[in-house]
Amino acid sequence: MGLVAGNVQAAQAMGMIVFPFAFISSAYIPVSTMPGWLQAFANHQPLTYMVDAVRALTLGGSAHALLGHTAGYYVARGALWAIGLLVISVPLAIAAYRRG
């Protein structure tokens, strides 16, 4: 984002774009308490998988009963999201760096 922003203040403001996604995830409240249309989005965003991976690793064996899956499930999905985001963003960043 910093390569596209142009200056420090704009880059800092662009960080606020991703801020609301923390509230549309399982980070603060259970996804099951959200409205149905929001649950579909919240269940499939990267932050939810990463937060649930940390919960599962922290809780140990009792995490399966609470979250519905093992820690490996959430760690694998969180890693896949991270790799996918890198596969998309690294070439875009390299292209932006070469242009400017």
Enquirer: So, for P20 and M16, which heavy atoms are closest and what is the spacing to 0.1 Å?
Expert: CD-O, 3.3 Å
Enquirer: Side-chain heavy atoms under 4.5 Å apart, restricted to Ile/Leu/Val/Met/Phe/Trp/Tyr: what other residues fall into the cluster of I83, or is it alone?
Expert: V87
Enquirer: Return the OG to OH distance between S25 and Y49, rounded to the nearest 0.5 Å.
Expert: 12.5 Å
Enquirer: Measure the CE-CD1 distance between M34 and I29 for me, rounded to the nearest 0.5 Å.
Expert: 4.0 Å
Enquirer: Can you hop from Y28 to V54 via hydrophobic side chains spaced under 4.5 Å?
Expert: no
Enquirer: First locate atom CZ of R77, then atom CE of M50, and finally report the distance between them rounded to the nearest 0.5 Å.
Expert: 13.0 Å
Enquirer: Let me confirm one number: the CZ-CG distance from F23 to L38, rounded to the nearest 0.5 Å.
Expert: 13.0 Å
Enquirer: Would the distance check show the side chain of Y73 and the main-chain N or O of A53 forming a donor-acceptor pair, the cut-off being under 3.5 Å?
Expert: no
Enquirer: As an exercise, state the distance from CG of N7 to CD of Q12, rounded to the nearest 0.5 Å.
Expert: 10.5 Å
Enquirer: For L57, which fellow cluster members are found when Ile, Leu, Val, Met, Phe, Trp and Tyr are connected by side-chain heavy-atom distances below 4.5 angstrom, either directly or through intermediates?
Expert: V75
Enquirer: Mind listing the closest non-hydrogen atom pair of A27 and V51 along with its distance?
Expert: CA-CG1, 3.8 Å
Enquirer: Of all heavy-atom pairs between A63 and A56, which one has the smallest distance, and what is that distance?
Expert: CB-CA, 3.5 Å
Enquirer: Using every non-hydrogen atom in the two residues, find where Y74 and L67 come nearest and quote the distance to one decimal.
Expert: OH-O, 2.9 Å
Enquirer: Where do Q39 and V31 come nearest, in terms of heavy atoms and distance?
Expert: CG-O, 3.1 Å
Enquirer: To the nearest 0.5 Å, what is the distance between OG1 (T48) and CZ (R55)?
Expert: 9.0 Å
